[in-house]
Structures are given as structure tokens and as C-alpha cells.
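To start, the structure under review is shown below, and the notes come after it.
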Amino acid sequence: MTFRTVHEEVAGAKWQSLFHYHWPAYEPWYLAEGERERPSYLECYNALRRHMPELLGTYHTLCELAGGGDLSSRLLSLYRPPPYITGCSQAVLASPAATVLARNYDYPPELCEGTILYTRWNQRRVIAMSDCLWGVLDGMNDSGLAVSLAFGGRKVVGDGFGAPIILRYILEFCDTVPEAAAVLARVPTHMAYNITVADACGRYVTAMIAPDRRASIRRVAVATNHQKKIEWYAHALASETLIRERQLSILVDDDATTDERLVSAFSAPPLFRHDYRRGLGTVYTAVYRPNEGRTEFRWPGKVLDLSFEAFAEEQITVRYGSRGLHSG
């Protein structure tokens, strides 16, 4: 697959081009369960207005750029989208000098957008790995707030938003971990996710959110793919969520662990996974340094170093297979 860095501070022709490129794949996905299973435009609009009203201006702009169609506008709300399952490992290493949020995104490569967007839609500058055209898998804003999501390892599906739009909302309108935690406590999600948030002051939390119970938000530095206990045993076994959690916990609890040691661990088993056949292989590694306004996207043999002050537009091709990854 090809990863692209795209710098467009005000949504316009570049975002519109991305929409037209990805829409032929998103439309059948959105309709996979039948159109009646998806909420109406009015339901989507009212849900956004109730829970994330500050996003409505950006939402309207993107809907217009997408052509103003009913179906695309419904999808862009990310309200009650079709369910989807990822892997992922993420951890925070906080010290008086600096904070690092690192993560591996484990997912079928062919279903990943691969777009790293630099935007300034609502005063704050944001660098984020895009999902569902404007949602966020992981990212950082210029206030020094970084976020990352992982699937929560539960089958439950309910009334709420896809986590990528919640993460977008946090990066657009929050400055600190307490502000982000307040959002995660009140905005409903349609599936179980583990959201890790860190800021430049060394604060961090992991929020275990789900549609059927209140969010559990604690000062936990590590998250993989279960919430407190294993509930979906087949997925837990296939994804090795407990093994990965233990590896990360050992690292962050060790006073001798440096930033470099933590980041390097994401490049090797058990955190880096080659199980692409089952859609559980590592697609990329992301490293966020909110104190410096800098992020790295990593693949074997390739590191893409980006910041709010230096963000070149380029493309990177990565080949995934049972024998490993190759980037060029």
C-alpha cells in the first residue's frame, strides 16, 4: 500500500481528491449490512449537534466538498457506522523532561487509508493518521495533546460514534488530558475501544469506552485489545493481547526504560506482528512527542519524521507479506 502525507490547512481540493479516491471503497463498506441499517441524515446530524456541536462547521464543509450527497454525508458523521475490528498496542512513557506516546496499528493493510493529514480546520494544527476520510486513528495537535485508539476486544455494538471521529473532536477542541477525558466520558461510542491520551505536561490516561457501560478512565500507560478482563477469547488468543500488554507493562514500569528502548520494542515481536493473513499484522508504528510537536511513522528500514514546522508531502510504498515488510 501507499502512504501519503497531505498538508492542507483549510479543507479544499486536496481533501476533495482524497474523498473521490476512497469513496468507491467506502460506499460498499457502509452499505454492507443494507442501507436501512444505517441511520438517516437527520439522525446523524442531530447526533453530532447533541454530542460534538463544535464539529458541525467542519462537517458541513466536508459534506459540501464530497458533493453534498445523502449517503456520503451520513458516512462522514461516523454515527452508528458498520462494526470493524482492529488489533493495536499503545503505551505512554512520561518523564519530567518529555512524554512519548507510541503505538502499533494492526489491521488488514488493504483496508487502511494510509493518509497522514496536516490540517488547521479549527485554529489548532493537527497531524493525524486518517480513517473514514477525516477520523483519526492516532494523532497530535499543536497544544501538545496526543491520542491513539485500540479495539477493546468485545463484540458489543450499540448506539454511538466510531472512535475515529471522537479522536478528531478531541484533537480539534481539547488542549489537555483532563479535557480529553471529559469528552471520552460523555460522547457515546458504537463499539468497545481503548483510547490512550497523553499531553506535554506528562499527564496521561487510558479510557476504556463501550456502548453498554460507563467509560472507565484511569491513569494507565498501556493498552492492547481487552478491557480489564478477557471477554472475547478467540480474538484475545489470535491477537495475543495479554502477551503484548505484559511486554509493554514491563517496559513502562522499568525506570531504566528510555524513549529509544520503548520505541524499538514496537519493531520486534510480540508487539510487531506479521499475521497479515488474519488481518492482525502491523501496518505501521507511530511515535508522538508532544513536547516537541514531532511525530515519526515507522516501517522496517524507513522512518518518516514529521513536525508542525517541517511537513513535506511525499509518498511511501510498503509491501506486506508473510516474510515481512519492505518499504521504499
* Name of the residue among Thr258, Leu93, Val287 meeting side chain to side chain contact (heavy atoms under 4.5 Å, CB included) with Val263 -> Val287
* Among Val147, Leu171, Thr119, find the residue that satisfies the side chain to side chain contact (heavy atoms under 4.5 Å, CB included) test when tested with Asn141. => Leu171
* To do: List the steps, then state whether side-chain contact (heavy atoms from CB on, under 4.5 Å) holds for Tyr320 with Val283.
  => CA-CA 8 Å; Tyr320 300 87; Val283 180; 3.4 Å; yes
Under 4.0 Å between a Lys/Arg side-chain N and an Asp/Glu carboxylate O for [X] and [Y]?
| X | Y | value |
| --- | --- | --- |
| Glu9 | Lys14 | no |
| Glu172 | Arg120 | no |
| Asp259 | Arg289 | yes |
| Arg38 | Glu33 | yes |
| Arg273 | Glu240 | yes |

Nearest 0.5 angstrom please: [X] [atom1] to [Y] [atom2], how far?
| X | Y | atom1 | atom2 | answer |
| --- | --- | --- | --- | --- |
| Thr224 | Arg103 | OG1 | CZ | 12.0 Å |
| Leu75 | Glu27 | CG | CD | 9.5 Å |
| Thr86 | Leu111 | OG1 | CG | 11.5 Å |
| Arg261 | Leu251 | CZ | CG | 5.5 Å |
| Ile116 | Met129 | CD1 | CE | 4.0 Å |
| Leu62 | Leu18 | CG | CG | 11.0 Å |

Should the ring pair [X] and [Y] be called parallel, tilted or perpendicular, given that the plane angle runs from 0 to 90° and is split at 30 and 60?
| X | Y | answer |
| --- | --- | --- |
| Trp29 | Tyr26 | perpendicular |
| Phe161 | His51 | perpendicular |
| Phe308 | Tyr118 | perpendicular |

Taking atom types as modelled and ignoring hydrogens, do the side chains of [X] and [Y] form a donor-acceptor contact shorter than 3.5 angstrom?
| X | Y | answer |
| --- | --- | --- |
| Asn122 | Glu54 | no |
| Thr206 | Thr196 | yes |
| Thr282 | Asp106 | yes |
| Glu113 | Ser130 | yes |
| Glu64 | Thr61 | no |

* In the hydrophobic clustering that connects Ile, Leu, Val, Met, Phe, Trp and Tyr at side-chain heavy-atom distances below 4.5 Å, which members other than Tyr21 occupy its cluster, ordered by chain and number? -> none
* For Tyr107, enumerate each residue passing the ring pair (Phe, Tyr, Trp, His ring centres under 6.0 Å) test, keeping only those at least two apart in sequence or located in another chain. => Tyr105
* What pairs with Tyr288 under ring pair (Phe, Tyr, Trp, His ring centres under 6.0 Å), at least two apart in sequence or on another chain? -> none
* Asked: Is there a side-chain contact between Ile170 and Leu145 (heavy atoms, below 4.5 Å)?
  -> yes
* Starting from the C-alpha separation in whole Å, work towards a yes-or-no answer on side-chain contact (heavy atoms from CB on, under 4.5 Å) for Leu184 and Tyr193. => CA-CA 11 Å; Leu184 291 165; Tyr193 295 96; over 6 Å; no
Is there a donor-acceptor contact under 3.5 Å from the side chain of [X] to the main chain of [Y]?
| X | Y | result |
| --- | --- | --- |
| Gln16 | Gly12 | no |
| Asn104 | Cys88 | no |
| Asp131 | Leu137 | no |

* Given salt bridge (charged side-chain N to carboxylate O under 4.0 Å, His left out), test Glu296 with Arg294 step by step and report yes or no. => CA-CA 7 Å; Glu296 302 159 17; Arg294 188 164 63 87; 3.1 Å; yes
* With His226, the side-chain hydrogen bond (donor to acceptor under 3.5 Å, both in side chains) member among Glu245, His235, Arg154 -> Glu245
